[in-house]
2 protein chains.
Amino acid sequence: MPAASRILLVEDDPNLGFVTQESLERQGFEVTLAGNGESGYAEFAGTVFDLCLIDIMLPEKDGITLARDIRQLNPRIPIIFVTAKSLKEDRIAGFKVGCDDYIVKPFSMEELVLRIQAVLRRTKPSLIKSEQQQYRIGSTIFDYKNSMLIFETNRQKLTHKESELLRLLCLHLNQVLDRQIALNLVWGENNFFMARSMDVYLSKLRKYLQHDQSVRIENIHGKGFKLVVESDD
Amino acid sequence: MPAASRILLVEDDPNLGFVTQESLERQGFEVTLAGNGESGYAEFAGTVFDLCLIDIMLPEKDGITLARDIRQLNPRIPIIFVTAKSLKEDRIAGFKVGCDDYIVKPFSMEELVLRIQAVLRRTKPSLIKSEQQQYRIGSTIFDYKNSMLIFETNRQKLTHKESELLRLLCLHLNQVLDRQIALNLVWGENNFFMARSMDVYLSKLRKYLQHDQSVRIENIHGKGFKLVVESDD
DNA sequence: TTTCACTTTTAACATTTTTTAACACTTTTT
DNA sequence: AAAAAGTGTTAAAAAATGTTAAAAGTGAAA
């Protein structure tokens with residue numbers, strides 16, 4: 001069991017800060033919360049972190065400046081920016097290239113956690129090497145790395161999007177996967193047509209899994225989807 | 001471990017300037033940022049640099065003038081120009097001859113870094129001598145320097161473009177190589193026909209590598225390609 | 001210069017992946 | 001109950017990719 005990833009969270013809104021800290025700690029991260037850029041910098045200078053989560057709009061020392069200063073200390077530290085929706089396109093284009101990912105307020109903890117894990121998986125593979133590349137869905141095996149579903153002697157190759165969506169469902173096994181989150185993470189955007197496209201993909205995944213009686217993809221109306229596996233204990 | 005390459009970046013847009021500086025520093029370069037031609041010239045006169053990255057459109061002293069003045073001080077310094085897309089063809093043709101490479105805004109940091117490395121490799125081979133000239137792809141050896149693929153007793157000579165494309169894939173081993181970036185770097189332009197041409201090359205590379213069961217070139221629809229090597233650990 | 005060998009691009013056609021449209025059905029709201 | 005919103009499914013359309021072969025380009029040798 002690898003040590004927990006250490007996250008520096010810099011957020012000036014105390015409420016959002018506490019809630020985020022708690023949620024991330026519940027997910028097994030070690031989180032240090034700083035309320036402004038100055039103390040964020042001080043924390044970073046004094047401790048070793050695996051990732052920084054920085055609000056762009058900070059009083060005094062803004063997030064981008066802080067990120068620059070932090071990178072001065074450690075050029076390779078992964079940084080995720082938190083931005084308000086109101087930011088102009090060009091401003092976004094500007095900082096996009098300077099960070100590993102970004103998330104738009106208001107965001108769900110679930111999406112945040114998934115983004116953090118994705119960044120850590122890319123940048124510090126050793127930290128989450130234990131992450132499984134194969135998922136067991138009832139008596140079906142989902143080989144994510146090779147985009148393959150294996151049931152008895154049948155092998156079904158999956159396309160990239162099928163594979164990404166199914167992986168998200170697996171990560172939420174027997175829990176609800178929120179529609180918006182899935183759209184943001186797999187399709188990158190969130191409009192009517194992409195939503196319909198996702199429905200088509202869910203239909204495909206259901207077809208691939210239909211031979212396995214103990215498995216189904218349920219819809220929670222207005223919320224999302226749940227990959228349900230009946231336990232045969 | 002060679003010392004970091006020192007880059008003089010002259011860019012008047014502060015946001016883009018900072019972001020670019022950060023990203024390059026993250027890649028291990030030492031970057032000095034100047035906000036206009038005058039201070040750029042002053043910096044160059046006072047310090048030793050390995051490469052200059054100059055925006056064409058600068059207030060007061062424009063990029064081309066600055067480059068000329070800099071070359072007066074050091075005729076062999078590599079220069080990369082940054083240009084806006086709007087520039088007229090003839091203007092581009094004009095400055096192309098005066099620099100080692102150029103990149104069109106908006107660009108991705110990934111592409112910029114690859115271009116810088118390519119220029120340094122050409123002009124200051126000693127600075128990145130540590131760069132490997134041979135890549136291991138599964139049980140196949142790719143000898144980039146000699147444009148040769150070696151598998152057991154088979155040797156396959158590669159053409160220049162085959163070799164460049166394969167090298168890019170190797171640099172992104174098990175990661176996605178963006179289509180646009182590959183096109184910009186290997187073909188220099190990015191249109192329908194060049195894209196089709198690249199597909200033909202990918203097909204050729206697949207054929208060369210097909211004997212090696214642990215190697216494949218995957219397509220990520222709409223994104224790019226990934227050279228995947230199954231680890232046999 | 002012409003020829004030859006080789007590289008690269010273009011064209012053509014097959015296939016795969018993704019999106020869009022259409023229609024039936026379900027759930028929630030009014 | 002009727003209307004509206006949401007979902008399930010299938011098929012068609014559009015876009016992207018894989019592959020092969022012919023055409024065009026290139027440079028060196030005869």
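Predicted model only: the values in this text are computed from it and were never measured. Quick note on labels: first sequence line is chain A, next is B, and so on, each numbered from 1.
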Classify the nucleic acid contact of [X] as base, sugar-phosphate or nothing, counting any heavy atom under 4.0 Å across all strands shown.
X        : answer
A:Ser197 : base
A:Phe192 : nothing
A:Asn219 : sugar-phosphate
B:Lys157 : nothing

- Using the ring-ring contact (aromatic ring centres under 6.0 Å, His included) rule, collect all pairs that involve residues 169-196 of chain B, keeping only residues at least two apart or in two chains. B:Trp187-B:Tyr201

Protein-nucleotide distance ([X], atom [atom1]; [N], atom [atom2]), rounded to Å:
X        : N      : atom1 : atom2 : value
A:Met194 : C:dA21 : CE    : P     : 11 Å
B:Leu202 : C:dT15 : CG    : C1'   : 16 Å
B:Asp199 : C:dT16 : CG    : C1'   : 13 Å

Quick check against the 3.5 Å criterion: does [X] have a side-chain atom that pairs as donor or acceptor with the backbone of [Y]?
X        : Y        : answer
B:Arg206 : B:Tyr208 : no
B:Asp50  : B:Arg6   : yes
B:Asp212 : B:Ser139 : yes
A:Asp55  : A:Met57  : yes

- Counting primed atoms, P, OP1 and OP2 as sugar-phosphate and everything else as base, the B/S/- map of nucleotides 23-30 of chain C against protein heavy atoms under 4.0 Å is ----SS--

Can you name the residues that form a side-chain contact (heavy atoms from CB on, under 4.5 Å) with [X], not counting sequence neighbours?
X        : value
A:Asp199 : A:Arg179, A:Arg196, A:Leu202, A:Phe225
B:Thr65  : B:Lys61, B:Asp62, B:Arg68, B:Asp69
A:Ala182 : A:Leu165, A:Leu168, A:Leu177, A:Met198
A:Ser163 : A:Phe142, A:Tyr144, A:Ser147, A:Leu158

- Query: Listed in order of residue number, which residues of residues 172-191 of chain B have a non-hydrogen atom at under 4.0 Å from DNA chain D?
  - Reply: B:Arg179

- Set of side chain to side chain donor-acceptor pair (under 3.5 Å) partners for A:Asn174, sequence neighbours left out: none

- Task: For B:Asp13, enumerate each residue passing the side chain to side chain donor-acceptor pair (under 3.5 Å) test, keeping only those at least two apart in sequence or located in another chain.
- Result: none

- Query: Between A:Ile217 and B:Glu218, which has a closest nucleotide on DNA chain D that is more 5'?
  - Reply: A:Ile217

- Decide salt bridge (Lys or Arg N to Asp or Glu O under 4.0 Å) for A:Asp143 and A:Arg167; before the verdict, give the C-alpha distance in whole Å, the side-chain angles of both, and the deciding distance to 0.1 Å. CA-CA 9 Å; A:Asp143 181 344; A:Arg167 178 167 161 278; over 6 Å; no

- Query: Mind checking which nucleotides bracket the chain A contacts on DNA chain D, 5' to 3', with an atom under 4.0 Å from a heavy atom?
  - Reply: D:dG6 to D:dT10

- Through what angle, rounded to 10 degrees, does the axis of the helix from C:dT1-D:dA30 to C:dT30-D:dA1 turn between its ends, using five pairs per end? 30°

What side-chain donor-acceptor pairs closer than 3.5 Å can you find for residues 14-25 of chain A, not counting sequence neighbours?
| unit_1 | atom_1 | unit_2 | atom_2 | d |
| --- | --- | --- | --- | --- |
| A:Thr20 | OG1 | A:Leu16 | O | 2.6 |
| A:Gln21 | NE2 | A:Val31 | O | 3.2 |
| A:Ser23 | OG | A:Val19 | O | 2.9 |

